Amino acid sequence: MYKQPRQELEAYYFEPNSVEKLRYLPVNNSRKRFCTLEPSPDSPPYNALSTATYDDTCGSCVTDDLNDFKHKIREIETVMMGPDSLDLLVDCTDSFDSTASQEINGWRSTLEAISRRDLRADLVSCAKAMSENDLMMAHSMMEKLRQMVSVSGEPIQRLGAYLLEGLVAQLASSGSSIYKALNRCPEPASTELLSYMHILYEVCPYFKFGYMSANGAIAEAMKEENRVHIIDFQIGQGSQWVTLIQAFAARPGGPPRIRITGIDDMTSAYARGGGLSIVGNRLAKLAKQFNVPFEFNSVSVSVSEVKPKNLGVRPGEALAVNFAFVLHHMPDESVSTENHRDRLLRMVKSLSPKVVTLVEQESNTNTAAFFPRFMETMNYYAAMFESIDVTLPRDHKQRINVEQHCLARDVVNIIACEGADRVERHELLGKWRSRFGMAGFTPYPLSPLVNSTIKSLLRNYSDKYRLEERDGALYLGWMHRDLVASCAWK
């Protein structure tokens, strides 16, 4: 889908400030290259080094008596070209002592920091220009950004590739068609997509956090019940219920009779390579292994079309409803007068559930205008990409596939699409609280055991993840950014 920009050893630009840039121009004579310091288009000419030359044997530009500047240029060459490429520029007969190596590392760190800062700033400038309808500036920034992003670079470079895709589509007013084209483009084989989804599930604790916190609330609410009915509005591969079935099997006094109603979605169906019967058979086999009475009910309709009759609620069953990473896909009053988001909550409340679990990404992109929506998306996914970077190497082929097939579509959809075509519509937990309250729900306190269990889970991951409990809800974050929120209602 996205290709890594080809690296050209002879086409480097160094911009120490907004006025000047250093460029290497190859010529036919392999022993000579020209080094020019050119003004940027919006600055006055600067002629100090307009036609300087250097010879490979000395490895520096002729800068009259500017020996210090020559030394700095030499260090910049080393940093930008890399130690393995110096033979293109110099004879490589010199060796660096430890002091020089430390200075080079310092320059490398500085340049990388400048690159990250400039890319983020340029992405913001491009989005700002688009929000102000400054099309000339937007096009100019996009040309610059194309040289800066890479699906195998640093986190902001990788995210930048997908943000740029969204910006281009938004500017061309083709967001919807681009997103639909992404969904029609050749998919990986279903087994491969399932593998990518599993990798994301394993390398980051976001899904495990959501599933474990929801399961903890359900287990607490159902500890005295003998007949339990769980309605999962996006069952996916059914992996959330494996640990809950095992927990019920170990319950003092024996397990309850469990019935799970699973509602499907197209992505999960494709990944598993078939219908919900695959999930039902897998869970039934597990339940039999642990001697848990089990029944599975499949509902193969979209969530927005679900009616009470599809759910098969029976008298005498204690009902639990699970909304894990699904409600943000429901259009609300800003998209449709039907307002499926609130309608669905009212319908669930009418079923008199004992507990309802909510897990959602802690992001505000639902009704936000284009520019603040872009900023929120960049900041949110930057934290997510950084957390992936800790676990998977940047040149890891699977990492590239995971980000492209599991995250890129969401980013493009949020940035490029409007109206009903924008299906990724996240809200902060404060807004969800308001919606649940209006539907007649009241908060269901999470057990302290849930908190301690998730803390144990996070010990297997980077110490940059943080868990916080606020106002009866749990938040999982990366450093200073909340990423996922979980809570329960009754």
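Worth knowing before you read on, the calculation uses all heavy atoms, side chains too, and leaves out hydrogens, waters and symmetry mates. These numbers were taken from a predicted model, which means no experiment stands behind them.
The CD atom of Glu220 lies 4.0 Å from the NZ atom of Lys223; values are rounded to the nearest 0.5 Å. Thr453 OG1 to Lys208 NZ: the interatomic distance, rounded to the nearest 0.5 Å, is 14.0 Å. To the nearest 0.5 Å, atoms OG (Ser213) and CG (Leu476) are separated by 9.0 Å. Considering CD1 of Ile260 and CD1 of Ile230, their distance stands at 5.0 Å, rounded to 0.5 Å. Taken to the nearest 0.5 Å, the OG atom of Ser302 stands 11.5 Å off from the CD atom of Gln234. Between the CH2 atom in Trp241 and the OG atom in Ser239 there is a gap of 10.0 Å [rounded to 0.5 Å].
Salt bridge status for Arg466 with Glu468: present, with a side-chain N to carboxylate O gap under 4.0 Å. Between Arg158 and Glu403 there is a salt bridge, since at least one side-chain N of the basic residue sits less than 4.0 Å from a carboxylate O of the acidic one. With respect to Lys144 and Asp118, no salt bridge is recorded, no charged nitrogen being found less than 4.0 Å from a carboxylate O.
Using a distance-only test at 3.5 Å, with no hydrogens or angles considered, no donor-acceptor pair links the side chain of Thr337 to the main chain of Glu333. Side-chain atoms of Gln170 come within 3.5 Å of backbone atoms of Ile415 as a donor-acceptor pair (strictly under, hydrogens ignored). The main-chain N or O of Gln237 is found under 3.5 Å from a side-chain atom of Arg282 such that the two form a donor-acceptor pair. Looking at Ser125, its side chain does come within 3.5 Å of a backbone N or O of Ala121 through a donor-acceptor pair. Counting only distance, with no hydrogens or angles, the side chain of Asp421 and the backbone of Cys417 share no donor-acceptor pair below 3.5 Å. Lys490 places no side-chain N or O within donor-acceptor distance of the main-chain N or O of Pro353, the cut-off being under 3.5 Å. At distances below 3.5 Å, at least one donor-acceptor pair connects side-chain atoms of Asn413 with backbone N or O atoms of Val423. At distances below 3.5 Å, not a single donor-acceptor pair connects side-chain atoms of Gln361 with backbone N or O atoms of Leu483.
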Residue pair Ile156, Val149: steps toward the side-chain contact (heavy atoms from CB on, under 4.5 Å) verdict: CA-CA 8 Å; Ile156 189 60; Val149 300; over 6 Å; no
Audit row: Phe290, Phe248, ring-ring contact (aromatic ring centres under 6.0 Å, His included) steps and yes/no: CA-CA 9 Å; Phe290 285 90; Phe248 277 138; over 10 Å; no
side-chain contact (heavy atoms from CB on, under 4.5 Å) assessment of Met378 paired with Val124: CA-CA 9 Å; Met378 181 176 68; Val124 172; 3.5 Å; yes
Trace of the salt bridge (Lys or Arg N to Asp or Glu O under 4.0 Å) decision for Glu386 with Lys464: CA-CA 10 Å; Glu386 287 170 8; Lys464 292 183 180 180; over 6 Å; no
Test side-chain contact (heavy atoms from CB on, under 4.5 Å) applied to Leu344 and Ser304, step by step: CA-CA 7 Å; Leu344 186 60; Ser304 61; over 6 Å; no
Audit row: Val402, Arg399, side-chain contact (heavy atoms from CB on, under 4.5 Å) steps and yes/no: CA-CA 5 Å; Val402 166; Arg399 181 201 53 72; 5.6 Å; no
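Residue pairs meeting the side-chain hydrogen bond (donor to acceptor under 3.5 Å, both in side chains) criterion with at least one member in residues 283-293, sequence neighbours excluded, do not occur. For residues 127-136, no pair satisfies side-chain hydrogen bond (donor to acceptor under 3.5 Å, both in side chains), with sequence neighbours left out. Residue pairs that meet the ring-ring contact (aromatic ring centres under 6.0 Å, His included) test with at least one member in residues 366-389, sequence neighbours left out, do not exist here. Residue pairs meeting the side-chain hydrogen bond (donor to acceptor under 3.5 Å, both in side chains) criterion with at least one partner in residues 363-378, sequence neighbours excluded, are Asp332-Asn366, Ser363-Glu376, Asn366-Arg425, Asn366-Glu427, Arg373-Glu418, Glu376-Arg481. Each side-chain hydrogen bond (donor to acceptor under 3.5 Å, both in side chains) pair with one or both residues in residues 247-262, not counting sequence neighbours, appears once here: His229-Arg259, His229-Thr261, Arg259-Glu317, Thr261-Asn297.
Nearest heavy atoms, Cys126 versus Leu167: SG-CD1, 4.0 Å. Pairing each heavy atom of Ala473 with each of Cys487, the nearest pair is CB-CB, 3.9 Å. Closest heavy-atom contact between Ala287 and Ile245: CA-CG2, 4.0 Å. Of all heavy-atom pairs spanning Ala439 and Lys349, the tightest one is O-CG, 3.3 Å. Closest approach of Ile235 and Gly262 over heavy atoms only: CD1-CA, 3.8 Å. When all heavy atoms of Ile231 and Ile263 are compared, the closest pair comes out as CG2-CD1, 4.4 Å.
Here Glu143 pairs with Arg146 under the salt bridge (Lys or Arg N to Asp or Glu O under 4.0 Å) rule; sequence neighbours left out. For His328, the ring-ring contact (aromatic ring centres under 6.0 Å, His included) partners are His426, not counting sequence neighbours. Under the rule for a ring-ring contact (aromatic ring centres under 6.0 Å, His included), the partners of Trp478 that lie at least two apart in sequence or sit in another chain are Tyr465. Residues forming a ring-ring contact (aromatic ring centres under 6.0 Å, His included) with Phe323 (at least two apart in sequence, or on another chain): Phe233. For Tyr201, the ring-ring contact (aromatic ring centres under 6.0 Å, His included) test picks out no residue, with sequence neighbours left out. For Leu446, the side chain to side chain contact (heavy atoms under 4.5 Å, CB included) criterion is met by Ala217, Leu474, Ala488, not counting sequence neighbours. Partners of Arg314 under the salt bridge (Lys or Arg N to Asp or Glu O under 4.0 Å) rule, at least two apart in sequence or in another chain, are Glu295.
Residues Arg422 and Val335 have side chains not in contact (no heavy-atom distance under 4.5 Å, counting atoms from C-beta outward). Using a 4.5 Å heavy-atom threshold, the side chains of Ile388 and Leu200 count as touching. Side-chain contact between Pro293 and Ile258: absent, with no pair of heavy atoms (C-beta onward) separated by less than 4.5 Å.
Under the 6.0 Å cut-off for aromatic ring centres, Trp489 and Tyr444 do not qualify, their centroids lying 6.0 Å or more apart. Within the 6.0 Å centre-distance limit, the rings of Phe325 and Phe207 are counted as a close aromatic pair.
Asp482 and Tyr475 share no donor-acceptor pair across their side chains, judged by distance under 3.5 Å alone.
The residue from Thr243, Thr357, Asn322 that alone fulfils the side chain to side chain donor-acceptor pair (under 3.5 Å) condition with Asn215 is Thr243.
More than 12 heavy atoms of other residues, nucleotides or ligands shown are found within 6.0 angstrom of CE on Met142.
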